[in-house]
Amino acid sequence: MAKDFATREGDFPKWYNDIVIKADLAENSAVRGCMVIKPYGYSIWEKMQAALDKMFKDTGHLNAYFPLLIPKSFLSKEAAHIKGFAKECAVVTHYRLKTSDDGKGVVVDPTAKLEEELIIRPTSETIIWHSYKKWINSYRDLPLLINQWANIVRWEMRTRLFLRTTEFLWQEGHTAHATEAEALEETKKMLDVYTEFAETWMAMPVLKGLKSENERFAGAIDTYCIEALMQDGKSLQAGTSHFLGQNFAKAFDVKFTDKSGKQKFVWASSWGVSTRLIGALVMAHSDDNGLVLPPKLAPIQVVIIPIYTEKEQLDSISERVQIITDSLREKGISVKYDDRDTHKPGWKFNEYEFKGVPIRIAIGPRDMEAGTIELARRDTLEKNTYEWEEGVEKIPGILDDIQSNLYKRALKKREENTHEIETYDEFKKVLKEKGGFLMAHWDGTTETELKIKGDTKATIRCIPMEGDGKEGKCMVTGKPSKQKVVFAKAY
RNA sequence: CGGGGCGUGGCGCAGUCCGGUUAGCGUACAUGGCUGGGGGUCAUGUGGUCGCAGGUUCGAAUCCUGCCAUCCCGACCA
């Protein structure tokens, strides 16, 4: 099996890193904290983009693009927003280089200093709301439903491939509405879109919930999120949707005239998911043999490997493979026929297994004689031999089965690692020994939340929207609690 | 920014304490043979100013000084 790779049990962070590197998803770059997303990893992102983009369009959104650089003054217009992001902004101060005095290199030209520094966007609310002021005049201009696909920069202290990098790719939706109710509805609708994407496409179950004040987006009234449990028992925030109230409308003076002729501030939402989802995908499904990809997001769904000793054998195998690939492609399945003579079959088996290709077909001389093919599925590592035409017919069904099996498997793991907690002692014990999602009562104060974080490193991941709604007493202070909330150590 | 580690062919490392000819090993790469149903094997070969600068010495990957890079641990975070 996999050799020289870390195991989940042995060293989870190393296991994760090994998969990302050796499955050729990404690598570190010359710039500290920034990664190169390699073609195989980028293909997964393209699949995610395509699915999400369609869902955004289907819910009435249009794509647009706003500048990478934001005037410093824009960022400071919303007080909470700047407070949250100030510490991690990259700043552009000059616009020209010149040859250094010794002639050997280039230096920043001090005469080319910008009058106002530009910030590389850590998120685009401010630059977008500056435009919205011009775009919105009447209730007829609303709702305004815009999304942008972009890169952003947040100067993080410690980075990890996909999970936290200085620059990352994402989408950010920014909407404006006439009423509070509409904006709130939009916020929740997009959270539902993310939930559906995570569960249907990524085969990753998520908890929907509301963030505590402490974890809220800088500038939001409320932040909703989806949280997923990784195989090491830590939680990962997979997407967020913010109800911004009128905070940005007021900061950028975005008003509209309603039907009765009155001037009103608009109501807003913003929502985003990033390339972090690729990290989530890796940690949700993969095993000690490498990456495991859900068929709906796999760049290659079926790989075909010929086994032969002589050219004549390869020729007759290739002839049959041509029929198989045509048939699969007609069904919309992505197929790769790897007939390279530079690698041996065994090497290829391991290669594609490590890269998480859902189904492998092997055809050798024995199969040609018997009229069969061997199908191997990545999720269970099962191998079966079928009469070849029958095997090909079964593939769409097997892909569907892998997709649903991965979801069920992940859901089962989450259920096994979700613990009902009554006392703080029990909380500490379970967190230390098992990890996972800990459901416990909390009095609703930031003070208590920070105490728990200080004691245990666990944070409130969310106040679940689909909780049991049973009242109780805070496990720390004994004060009343409306419902249990989800605690976990987080990425 | 505080504490620790590391820097030697593309990658992973040994050698450094205790200085001594042509700087090794694994892997990868190249060519050829035998192979081919789970990372095969044998042979041959390419590739390194030992992070940079200075110093000590007959002689430095090895000792000394300074600098740079990078990684891990803490505070921040999608």
Side-chain angles (χ1 to χ4, degrees), chain A residues 1-5 11 13-14 17-18 21-22 27-33 83-89 121-124 150-160 162-172 194 211 214-218 220 223-228 235-242 270-280 289-290 305-311 313-314 317 339-355 360-370 372-376 381 383 385 453-454 457 459 461 490-491:
Chain A
M1 289 303 167
K3 63 172 188 192
D4 303 329
F5 301 126
D11 187 344
K14 187 166 192 304
N17 206 58
D18 281 355
I21 299 291
K22 290 174 178 154
E27 64 186 22
N28 285 306
S29 73
V31 182
R32 178 196 161 81
K83 194 162 178 284
F85 284 106
K87 283 173 288 182
E88 46 188 314
C89 287
R121 62 181 165 220
T123 179
S124 301
N151 59 335
I152 62 175
V153 165
R154 294 181 186 175
W155 212 265
E156 300 292 349
M157 300 210 170
R158 186 170 307 130
T159 58
R160 291 189 66 191
F162 289 115
L163 299 174
R164 176 165 301 110
T165 47
T166 300
E167 179 190 11
F168 58 92
L169 306 183
W170 79 345
Q171 60 67 219
E172 46 183 326
Y194 289 155
K211 282 293 187 193
N214 186 50
E215 300 271 334
R216 188 181 294 157
F217 174 74
T223 288
Y224 293 84
C225 64
I226 51 172
E227 291 280 330
S235 180
L236 185 128
Q237 179 174 305
T240 49
S241 185
H242 315 291
S270 73
W271 27 273
V273 295
S274 72
T275 37
R276 178 182 239 201
L277 289 178
I278 296 174
N289 299 309
I305 297 170
I307 296 150
Y308 60 93
T309 52
E310 282 145 36
K311 180 142 192 326
Q313 284 175 330
L314 176 62
I317 290 168
D339 62 350
R340 288 176 299 173
D341 192 38
T342 51
H343 295 279
K344 296 185 55 185
W347 191 94
K348 292 175 187 174
F349 288 179
N350 281 286
E351 164 91 353
Y352 293 106
E353 191 164 291
F354 204 83
K355 288 189 155 187
R360 181 188 71 228
I361 300 177
I363 308 180
R366 293 207 299 264
D367 293 299
M368 291 305 286
E369 210 160 294
T372 58
I373 54 175
E374 182 191 79
L375 294 192
L381 301 171
K383 288 193 277 196
T385 299
K453 187 180 178 184
K457 292 192 175 176
T459 50
R461 298 325 304 153
Y491 274 97

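What you see is a predicted model; the values in this text were computed from it and never measured.
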Considering only the P atoms, how many Å lie between B/C64 and B/U57, rounded to the nearest integer?
-> 16 Å
Reckon A/Glu156 touches a base, only the sugar-phosphate, or nothing at all at heavy-atom distances under 4.0 Å?
-> base
Please state the C1' separation for the pair B/U8 and B/G4 - nearest whole angstrom.
-> 22 Å
Watson-Crick or G-U wobble mate for B/G26, both contacts under 3.5 Å | B/C11
Can you find a pair of side-chain heavy atoms, one from A/Val153 and one from A/Asn151, that are under 4.5 Å apart?
-> no
Taking for each residue the nucleotide of RNA chain B with the nearest heavy atom, is it A/Ser274 or A/Arg366 whose nucleotide lies nearer the 5' end?
-> A/Arg366
In whole Å, what separates the P atom of B/U21 from that of B/A60?
-> 12 Å
Would you indicate what A/Leu163 reaches in the nucleic acid, counting non-hydrogen atoms under 4.0 angstrom: base, sugar-phosphate, or nothing?
-> base
Taking OP1 and OP2 of B/C71, is either one under 4.0 Å from a side-chain nitrogen or oxygen of A/Arg32?
-> yes
Considering only atom C1', compute the distance from B/C50 to B/G12 and round it to an integer number of Å.
-> 16 Å
Determine the Euclidean distance between corresponding P atoms of B/C6 and B/U62; express it in Å to zero decimal places.
-> 16 Å
For B/G48 and B/A43, measure between their C1' atoms and round to the nearest Å.
-> 24 Å
Look at the rings of A/Tyr194 and A/Trp271 and say which category their plane angle falls in: under 30° parallel, 30 to 60° tilted, over 60° perpendicular.
-> perpendicular
How long is the line joining CZ of A/Phe349 and P of B/G40, in whole Å?
-> 12 Å
For A/Tyr491, report the nucleic acid contact type (base, sugar-phosphate, nothing); a contact means any heavy atom under 4.0 Å.
-> nothing
Give one of base, sugar-phosphate or nothing for A/Phe217, where a contact means two heavy atoms less than 4.0 Å apart.
-> nothing
Does a distance-only test, which skips hydrogens and angles, find a donor-acceptor pair under 3.5 Å between the side chain of A/Asn289 and the base of B/G38?
-> no
Scanning all shown strands, the Watson-Crick or wobble mate of B/C1 with both distances under 3.5 Å is B/G74
When we call it a touch if two heavy atoms are under 4.0 Å apart, what does A/Arg158 touch: a base, just sugar-phosphate, or nothing?
-> base
When we call it a touch if two heavy atoms are under 4.0 Å apart, what does A/Lys457 touch: a base, just sugar-phosphate, or nothing?
-> sugar-phosphate
For nucleotides B/G24 and B/C73, find the distance between their C1' atoms and express it as a whole number of Å.
-> 34 Å
Applying the 3.5 Å cut-off to both distances, the Watson-Crick or G-U partner of B/G32 turns out to be B/C42
Which is true for A/Asn28 with a 4.0 Å heavy-atom rule: it touches a base, it touches only sugar-phosphate, or it touches nothing?
-> nothing
Taking a pair as Watson-Crick or G-U wobble with both distances under 3.5 Å, which nucleotide is matched to B/G20?
-> B/C58
With a 3.5 angstrom cut-off on both distances, give the Watson-Crick or G-U wobble partner of B/G47, or none if there isn't one.
-> none
Is A/Thr459 touching bases, backbone alone, or none of the nucleic acid, heavy atoms closer than 4.0 Å?
-> nothing
Can you tell me how far P in B/A61 sits from the matching atom in B/G74, rounded to whole Å?
-> 38 Å
Polar side-chain contact A/Lys383-B/G38 base: donor and acceptor under 3.5 Å = yes
Measure up the A/His343 and A/Trp347 rings against each other and bin them: parallel (under 30°), tilted (30 to 60°), perpendicular (over 60°).
-> parallel
Check whether any side-chain heavy atom of A/Glu227 lies under 4.5 Å from a side-chain heavy atom of A/Lys211, and answer yes or no.
-> yes
Using a 4.0 Å heavy-atom cut-off across all strands, classify A/Arg360 as base, sugar-phosphate, or nothing.
-> base
